[in-house]
Every structure is written in C-alpha cells, then in structure tokens.
Amino acid sequence: MQYNRVLITAALPYANGPLHVGHLAGCYIPSDIYARYQRAQKREVAFIGGSDEHGVPITIRAMKESITPQEVVDRYHTQIKESFEQLGISFDIYSRTSSPVHHETAADFFKKLYDDGLFEEKESEQYYDEEKQTFLADRYIIGTCPICSNPNAYGDQCEKCGTSLSPEQLIEPRSALSNNPPVKKMTKHWYFPLNQYEPWLKEWVLEEHKEWKNNVYGQCKSWLDSGLYPRAMTRDSKWGVPVPLPGAEGKVLYVWFDAPIGYISATKELTENWADYWCKDDTKLVHFIGKDNIVFHCIIFPAMLKAHGGFVLPDNVPANEFLNLEGDKVSTSRNWAVWIHEYLKEFEGCEDVLRYYLTAIAPETKDSDFTWKGFQDANNSELVAIFGNFVNRCMVLMHKLCGGKVPPIHPELLDNEDTIIFEEIKKTKQIVEDAIEQYKFREAQFAVIDLARKGNQYLQKREPWKAANLLKEGGETAINAQKLIDNVMHIALQLSANLAIFINPFLPKTAKKMLHLFKVVDKMLEWENAGKEKLLSVGYSLREPELLFRKIEDSEIEAQVAKLQESAKAYAAAQALLNPPAEEVVPEVTVAPVKEEIVFDDFAKIDLRVGTIVTAEKVQKADKLLKLSVDLGFETRTIVSGIALHFNPEDIIGKQVVVVVNLAPRKMRGIESQGMILMAEDSSGKLHFVNPETAINTGAGVN
RNA sequence: GGCGAGGUAGCUCAGCUGGUUAGAGCAUCGGAUUCAUAACCCGAAGGUCGGCAGUUCAAGUCUGCUCCUCGCUACCA
C-alpha cells in the first residue's frame with residue numbers, strides 16, 4: 001500500500017495533573033520522532049494532540065477545590081501544552097476536548113450511530129450521591145476494606161492490600177464527594193454492540209495486522225478470544241459532551257467514546273482538508289499510546305469508526321509499556337514522579353537530554369526504569385563524550401588547522417579508511433530509516449550515536465593534530481601534511497553535517513544548534529540529504545565552536561534524588577496520619593443507618609428457611625465465590641456465595657444457614673445461584689453465618 | 001481467578017525458523033593519547049540466559065509445571 005499522507009496521533013493526556021516522564025516516554029517522544037522523521041521525508045503529515053478534559057476525576061477535583069471543572073482543565077491544559085512546546089513536541093495542533101468543535105463532532109458521531117439504530121438502551125442500578133445529586137463511579141465510593149481494614153479503600157480496589165473490591169464489600173461505604181452513604185438508583189444508558197463487530201475485528205486485527213507489536217497483538221487476541229460485549233457509551237454526569245438526544249439530560253458521552261473522536265475534531269480545527277486525512281484510503285493512521293490504552297485504540301475505537309463508516313482505520317498502534325522511576329511505579333498521588341514543568345526549569349537548555357535519555361530507555365518491549373544516575377551517564381558519556389565531543393573536535397580542529405573554513409578534498413590521497421566513513425554514513429541512513437519505520441526508536445537513535453563514535457575513531461586513527469607538527473617543516477612534507485589534514489577534516493565535517501540530519505528527529509534543538517555552527521539553513525535537514533558527501537561547501541567559513549551539551553554534575557543528580565526521597569518521606573508521613581498502624585486503632589464500631597421503614601407485608605414477601613450445606617467447592621476462575629449445595633428439606637439447591645475469602649469449603653459442610661429461598665435466580669460465573677445465604681458482618685469486615693442456636697430440621701421457616 | 005506482555009552481564013537492551021567459546025552500549029578495571037567538555041581511542045573482566053522437569057545428537061531459542069514484575073479483565077452477602 002502506497003501512502004500519500006501520514007496521520008499521527010498521540011494519546012490525549014488527561015488534564016487532571018501535570019505531565020511526567022512516563023507520559024513522555026510512553027507516547028509523546030516516540031510520536032514526535034516519527035512525525036519529525038516523516039516531515040523530513042517531505043511526506044504530508046498531521047501530528048495531532050490535545051488534552052482529554054472530561055470524565056469524573058476532573059469533576060471530583062473541581063468539587064474538592066471549589067472551582068469549576070473548566071477551571072481545572074484550563075489550568076492543566078495550559079501547563080501541559082507549554083511543557084510540550086518547550087520540549088519540542090511538534091504537534092501540528094494541540095487541541096482539547098472541551099472545545100466547541102469537539103463537542104459538535106463527538107455529538108454528531110454519536111447521533112449518527114444512534115440514527116442508524118445501533119445503540120441498545122438498558123436500565124441498571126447505580127450508586128448515587130443524593131446530596132450532590134450525582135451518580136458515583138466505583139472509584140468514588142470510599143469505605144473500610146473488608147480484608148485489611150484500611151479505612152480509605154476505594155470501591156474498585158483497596159490500595160493498601162491490593163484486593164480488588166466492589167462497592168458492596170466496603171464497610172460503611174461513603175461517597176467521596178459528600179461522605180454520605182450512597183444509595184442505589186435506576187438509570188438508563190446507551191450501549192454500543194461491540195459484539196456485532198467481533199467477526200470483523202478478528203479478521204482485521206488477527207489476520208491483517210500480524211505485524212503489530214507483541215504486546216498489542218497479544219492483548220487484542222485475548223480480548224477477541226474471550227468474546228466482546230455491548231459497552232455503555234454514556235454516563236451520568238454534568239461534565240462532558242451531552243448526549244444529543246431528547247430526554248437525556250444529565251447524561252454525557254463516556255470519556256472513552258469522546259476522547260478518540262478528539263483526534264478527529266482536532267484535525268478539523270487544524271485544517272479544512274481534515275477529511276483527506278481521515279477519510280481517504282491512502283492515509284497512514286498511526287496511534288501512539290501507552291499499554292493501558294490498547295483495547296480502546298485497537299478494538300473499541302476502530303469498531304466505532306467502522307460502525308460510523310467512511311473513516312480510515314489505524315495502520316499501526318505502537319503501544320509502549322510503562323516507565324518506572326528509580327525502581328518504583330510512577331505515582332501522582334505519592335508524588336513519585338519527575339514532573340516535566342519542573343525539569344524544564346531545573347535543567348534549562350537540557351530539553352534534548354531528556355528526549356535522548358527517554359528514547360534510550362524507551363519501554364518499547366517491556367517496562368523500563370528511569371534513574372537519575374542513568375540520566376547523568378547517558379548525558380555525560382554519550383551525548384557529551386561521544387556526540388558533542390566529536391562535533392566539537394571537528395570544529396576546533398578545523399579552526400586550528402584549516403583556517404575556519406571547510407577544507408578542499410584531495411581525491412588522489414583518499415584511501416580505504418576514508419571511503420569506509422562514507423559507507424558508514426549511508427549504512428546509518430538505512431538503519432535509522434528502517435528502525436523508525438518499524439517504530440524502533442531506541443535502535444535508530446543508537447545508530448546515530450554509533451556513527452558519531454565511528455567519527456571519533458576516524459579522527460583517532462588519522463591524528464590530524466600530529467600531521468600539524470609537520471607543517472612547520474615546510475616544503476613537500478608540509479604540503480602533503482596539509483592535504484592530509486584537509487581530507488580528514490573535510491570528511492569529519494561532512495560526517496558532522498550528516499549527524500545533524502540524523503539526530504534531528506530525536507534532538508531537534510541540537511540539530512538546530514549544529515545548523516547554526518555550520519551556517520546553513522533548515523533545508524539541509526531534509527532526509528534526502530542524508531548520506532550525501534558534500535553537504536558543506538568547500539571554502540565556506542564556519543562559526544566558532546560552541547558546545548552542544550554541558551556536563552551534568554553529581555550535585556545536580558544528588559539534588560534530584562534527594563527531592564524524590566523527600567516526597568516519598570512526605571507521603572509516608574501523610575499516610576501514617578491517615579492510617580495509624582493497625583494495633584493502635586481501636587476499631588470504632590459504628591452502625592449503619594437504619595433503612596427506610598417498611599410495612600409487614602414487605603417483610604412477609606421474603607421467604608427465609610433454614611438449610612444445611614451439603615457440598616461446597618470453589619468456583620473456577622473466581623476469587624471470592626463458593627458454589628454450595630444447600631439442603632432445604634423440600635429440595636436441594638445450588639447457591640453461589642461470595643464468601644470464599646472467609647471460609648474454606650471443607651469447613652462449612654454440614655453447617656446450618658438461613659437462606660432467602662424466593663430470591664430471583666441469578667447467574668454468577670455461569671452458575672445459576674438459586675437463593676442467598678444470610679451473613680452478618682462484624683466491624684472488621686469478617687463474615688459470620690446466621691443460623692439457629694442449635695441444629696434444627698432443615699426447611700424450617702424463619703420469621 | 002482468567003488472559004496478555006516480559007524476566008538474558010551492575011544498568012539499558014540484541015539474540016531470525018534450536019547448532020561452534022551467548023552479543024552491543026553504558027558503568028567498572030587496565031593501557032595509550034592530548035585536537036577535544038579529565039573528553040576521545042585501545043584492551044580486559046563481567047552472565048549456570050528466573051527456577052524445575054522434559055523433547056533432541058544439540059535449547060536462551062521447543063513442551064509442561066513453577067516463581068517474580070507490569071498491564072487488561074471477571075465474579076462479589
């Protein structure tokens with residue numbers, strides 16, 4: 001397939017905090033390298049970015065800080081955008097999902113699918129905060145963890161013990177917004193029938209895109225093999241793109257529905273020819289993302305595009321793995337991060353150094369680790385010592401030995417050593433091209449540094465500074481010595497000029513500085529010039545040497561490490577205040593508020609019986625479920641119960657329990673549960689059976 | 001729990017369809033040199049390829065089990 005234009009997207013950063021090194025390494029640096037390379041190739045490129053500004057976390061932050069969600073996103077959008085600019089991330093447009101164009105585009109997209117009759121409407125019960133009048137995502141219900149008693153566990157997971165939870169399990173659940181206990185409320189949503197696209201996706205991803213990266217292909221396969229299900233594409237919230245339907249007040253598009261459409265809206269804002277990029281088959285669409293986004297970009301968004309019709313689909317989705325920091329996961333809440341806006345201040349002029357190091361350790365095939373020592377080493381012994389030093393040596397020697405001008409070349413004196421250098425340049429061009437086209441940026445950048453290393457070796461072998469000693473002797477010897485020097489320096493300078501072209505996608509500011517030294521224009525950086533032997537004209541005078549990179553001192557690194565340790569300490573201290581050590585805690589026994597009054601008839605509807613557990617076994621593929629058969633006297637029923645974390649199956653056989661026998665059956669992990677066992681939960685979250693004081697006949701009623 | 005990706009020298013990574021003494025770069029140590037930002041250049045040392053079994057004449061490379069890390073994801077009185 002011959003592509004005529006390249007559409008590059010980088011995941012929309014969430015405008016709920018500043019950028020850190022993980023974001024950059026994951027998708028912004030690789031996408032920028034790719035975009036710059038494609039532009040150097042003179043291909044038509046649109047490099048799209050923007051802030052993702054919807055979603056619940058932003059509304060929560062706004063509520064906590066008593067400002068509007070718009071103020072939250074304005075703050076971070078501006079900061080993020082500035083960081084990108086300073087780092088030289090060359091978006092053709094950096095937009096945002098709160099823009100009117102985006103709202104319109106996303107709403108139209110939804111409306112089209114709706115009009116085509118694609119959505120399924122379903123009602124379900126969701127947690128609701130009555131005071132704040134808003135539905136609560138699991139994450140925003142807080143309570144005490146039933147496993148480890150952490151009083152600040154979230155409704156989806158306890159961060160202290162790592163157990164995944166549901167809001168139902170939390171002891172004394174409360175809303176993160178108001179601290180009131182949440183209630184359940186019915187709500188209606190629109191579901192996208194992902195399942196209908198399963199056969200097509202299987203063909204498109206698994207058959208037609210076997211070349212995708214292992215991690216990407218593997219995860220898609222895993223999703224597709226386990227079957228796709230309809231997915232809700234709307235949420236109850238006031239912040240977001242309103243659902244464009246009558247009677248849908250208070251409902252917005254699900255952020256994962258609206259965010260990828262943001263790529264389209266941003267392109268619309270960039271150019272009125274946006275449809276060339278999004279709708280013509282000869283566009284190569286590439287999504288740069290982190291591994292946490294794979295299914296959205298490889299399954300859900302393509303299915304949406306397919307359902308809508310008329311759009312190109314991604315040619316590749318080179319997702320990176322994650323970047324850790326000094327051996328630990330990057331964490332915003334723990335302040336364990338290298339924040340870009342801080343880096344830019346503290347290492348002014350070293351923007352390219354960060355780009356370099358993050359590419360050198362890019363998590364292309366597995367998670368990698370950012371260490372300040374590694375950062376310093378990469379700068380001092382690769383950028384400074386190899387690349388910067390080579391360019392500097394060339395410039396200094398040229399000024400000392402060639403009068404500040406590009407010396408002529410004397411072909412009669414060229415030997416194998418010289419031609420090898422030109423071959424190396426051409427080889428490097430090929431390696432860099434191939435590697436970038438295959439999204440192997442680490443390898444590509446390495447090849448560039450390696451070429452500079454070859455330059456150093458070349459100078460070392462030729463030792464023009466020694467030939468300079470012969471100049472004093474005069475006569476034939478001096479003439480020959482000068483010719484030799486001319487050749488060496490000519491070649492070394494042409495090599496330097498080539499290095500500028502090669503390094504440009506990776507370190508654009510460095511390439512610019514080199515152009516300045518050589519007194520040439522940007523045009524030289526076009527990729528077709530790479531590999532050329534005559535980039536700098538003979539006799540042309542070049543500027544005085546200037547260093548491309550400065551050394552980074554131990555003290556600077558120590559300061560950064562100390563700063564990280566400070567924030568770790570501060571976090572530990574804050575946690576200690578929040579969660580005093582368990583033994584000192586006297587569990588405060590509070591009682592759940594009494595529920596709404598009911599009449600006797602309501603109670604009488606519930607049919608309770610005493611039963612005896614006859615068998616119990618763990619349910620396959622489930623942590624918390626036990627499959628029980630319970631003898632109720634009149635029949636034996638299968639009941640699935642979420643108590644596996646509290647009881648061993650063999651210990652509860654023969655136990656008497658109280659069962660709700662007229663509860664509608666419900667399937668759990670494929671097994672139909674025909675009733676519910678009453679359990680009492682103590683203040684530590686432990687479950688206890690409710691049963692008769694002494695064993696009685698099974699089937700006995702309970703009133 | 002299921003699935004996916006990954007576990008190769010101190011660090012960051014290569015190792016294709018199994019085949020001689022497992023490769024780079026950085027860090028370390030030694031040498032040489034001074035044009036260069038105590039930079040470059042040359043050389044050395046450094047790995048039972050997560051563990052255990054198995055297939056094979058031969059396994060880092062294939063199979064099974066197992067441990068660890070990260071990600072996705074399910075059920076929930």
Side-chain angles (χ1 to χ4, degrees), chain A residues 146 164-169 213-223 225-226 229 290-296 319 321-322 324 329 357 360-371 373-374 376-378 380-386 388-401 440 442-443 446 449-450 452-453 455-468 485 488-489 492 545 547-551 618-626 639-646 657 660 666-671 673 676-681 687-690:
Chain A
S164 59
L165 303 168
S166 74
E168 281 83 0
Q169 288 174 283
K213 289 173 64 167
N214 282 354
N215 55 343
V216 176
Y217 187 89
Q219 188 164 350
C220 291
K221 186 164 168 21
S222 151
W223 260 64
D225 286 350
S226 58
Y229 303 93
K291 65 173 162 184
D292 52 338
N293 281 208
I294 290 172
V295 293
F296 294 104
E321 300 280 305
F322 281 178
N324 292 326
K329 279 206 262 189
Y357 181 52
I361 60 162
E364 288 177 1
T365 52
K366 59 183 165 195
D367 291 356
S368 64
D369 196 26
F370 180 108
T371 62
K373 181 75 171 65
Q376 184 190 24
D377 284 343
N380 291 356
S381 54
E382 291 170 31
L383 286 182
V384 172
I386 311 280
N389 185 41
F390 173 69
V391 175
N392 189 236
R393 290 172 95 178
C394 288
M395 293 302 289
V396 171
L397 282 168
M398 182 268 305
H399 275 278
K400 282 189 180 168
L401 308 178
K440 294 178 177 172
R442 217 172 38 201
E443 185 185 325
F446 180 83
I449 298 300
D450 210 41
R453 182 175 289 114
N456 277 318
Q457 291 166 346
Y458 174 74
L459 286 182
Q460 202 63 31
K461 256 183 217 152
R462 289 298 199 211
E463 301 182 301
W465 49 91
K466 280 195 174 161
I485 291 170
V488 174
M489 294 321 299
L547 297 179
L548 295 177
F549 307 101
R550 68 170 181 88
K551 279 197 82 172
K618 283 221 38 153
V619 175
Q620 293 272 310
K621 302 183 187 180
D623 279 348
K624 294 162 193 164
L625 296 186
L626 287 185
I639 296 177
V640 179
S641 182
I643 56 173
L645 291 173
H646 301 269
V657 291
V660 183
R666 182 169 168 192
K667 268 198 175 181
M668 290 182 226
R669 290 275 7 148
I671 303 164
S673 181
M676 189 171 100
I677 293 172
L678 294 193
M679 302 297 293
E681 182 177 328
L687 297 182
H688 304 264
F689 287 111
V690 175

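All chains are named by letter (A, B, ...) in the order of the sequence lines, taking the proteins before the strands, and each is independently numbered beginning at 1. Note that the coordinates shown come from a computational prediction; the quantities given were computed from them, not determined experimentally.
Comparing rA9(B) with rA27(B), their C1' atoms sit 12 Å apart, to the nearest whole Å. Straight-line distance between the P atoms of rA44(B) and rG6(B): roughly 33 Å, to the nearest whole Å. Taking atom P on both rA24(B) and rC62(B), the two are 23 Å apart, rounded to the nearest angstrom. For the C1' atoms, the distance linking rU21(B) with rA58(B) amounts to 16 Å, nearest Å. With C1' as the reference atom, rG7(B) and rG43(B) are 32 Å apart, rounded to whole Å.
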Please enumerate all protein N or O atoms sitting under 3.5 Å from an N or O of nucleotides 5-8 of chain B, with distances to 0.1 Å.
| residue | atom | partner | partner atom | Å |
| --- | --- | --- | --- | --- |
| rG6(B) | OP1 | Asn214(A) | ND2 | 3.0 |

At a cut-off of 3.5 Å, list every protein nitrogen or oxygen paired with a nitrogen or oxygen from nucleotides 23-27 of chain B, distance to 0.1 Å.
| residue | atom | partner | partner atom | Å |
| --- | --- | --- | --- | --- |
| rG25(B) | O3' | Arg453(A) | NH2 | 3.0 |
| rC26(B) | O3' | Ser381(A) | OG | 2.8 |
| rA27(B) | OP1 | Ser381(A) | OG | 3.2 |

Where do N or O atoms of nucleotides 42-44 of chain B meet protein N or O atoms at under 3.5 Å, pair by pair?
| residue | atom | partner | partner atom | Å |
| --- | --- | --- | --- | --- |
| rC42(B) | OP1 | Gln457(A) | NE2 | 3.4 |

All N/O pairs under 3.5 Å across the protein-nucleotides 32-37 of chain B interface:
| residue | atom | partner | partner atom | Å |
| --- | --- | --- | --- | --- |
| rC35(B) | O3' | Lys400(A) | NZ | 2.9 |
| rC35(B) | O2 | Arg393(A) | NE | 3.2 |
| rC35(B) | N3 | Arg393(A) | NE | 3.2 |
| rC35(B) | N3 | Arg393(A) | NH2 | 2.5 |
| rC35(B) | N4 | Arg393(A) | NH2 | 2.9 |
| rC35(B) | N4 | Gln460(A) | OE1 | 3.4 |
| rA36(B) | OP1 | Lys400(A) | NZ | 3.0 |
| rA36(B) | O3' | Asn392(A) | OD1 | 3.3 |
| rA36(B) | O2' | Asn389(A) | OD1 | 2.6 |
| rA36(B) | O2' | Asn392(A) | OD1 | 3.3 |
| rA36(B) | N3 | Asn389(A) | ND2 | 3.4 |
| rA36(B) | N3 | Arg393(A) | NE | 3.0 |
| rU37(B) | N3 | Phe549(A) | O | 2.6 |
| rU37(B) | O4 | Phe549(A) | N | 3.3 |
| rU37(B) | O4 | Phe549(A) | O | 2.9 |

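Not counting sequence neighbours, Lys366(A) has no partner by the side-chain hydrogen bond (donor to acceptor under 3.5 Å, both in side chains) test. Checked against side chain to side chain contact (heavy atoms under 4.5 Å, CB included), Asn293(A) has the following partners two or more places apart in sequence or in another chain: Ala11(A), Trp256(A), Ile289(A), His297(A). Residues forming a salt bridge (Lys or Arg N to Asp or Glu O under 4.0 Å) with Lys213(A) (at least two apart in sequence, or on another chain): none. Under the rule for a side chain to side chain contact (heavy atoms under 4.5 Å, CB included), the partners of Lys400(A) that lie at least two apart in sequence or sit in another chain are Val396(A). By the salt bridge (Lys or Arg N to Asp or Glu O under 4.0 Å) test, Lys329(A) is found to be paired with no residue, residues two or more places apart in sequence or in another chain being considered. Under the ring pair (Phe, Tyr, Trp, His ring centres under 6.0 Å) criterion, Phe390(A) pairs with no residue at all, not counting sequence neighbours. With sequence neighbours excluded, no residue forms a salt bridge (Lys or Arg N to Asp or Glu O under 4.0 Å) with Glu382(A). Judged as a salt bridge (Lys or Arg N to Asp or Glu O under 4.0 Å), and not counting sequence neighbours, the contacts of Arg453(A) are Asp450(A).
The residue Lys461(A) sits apart from the nucleic acid: no heavy atom pair falls under 4.0 Å. The residue Asn324(A) sits apart from the nucleic acid: no heavy atom pair falls under 4.0 Å.
Here the P atom of nucleotide rG10(B) and the CD1 atom of Ile361(A) are 19 Å apart, to the nearest Å.
Place Gly374(A) and Ala385(A) on RNA chain B by their nearest nucleotides, and Gly374(A) ends up nearer the 5' end.
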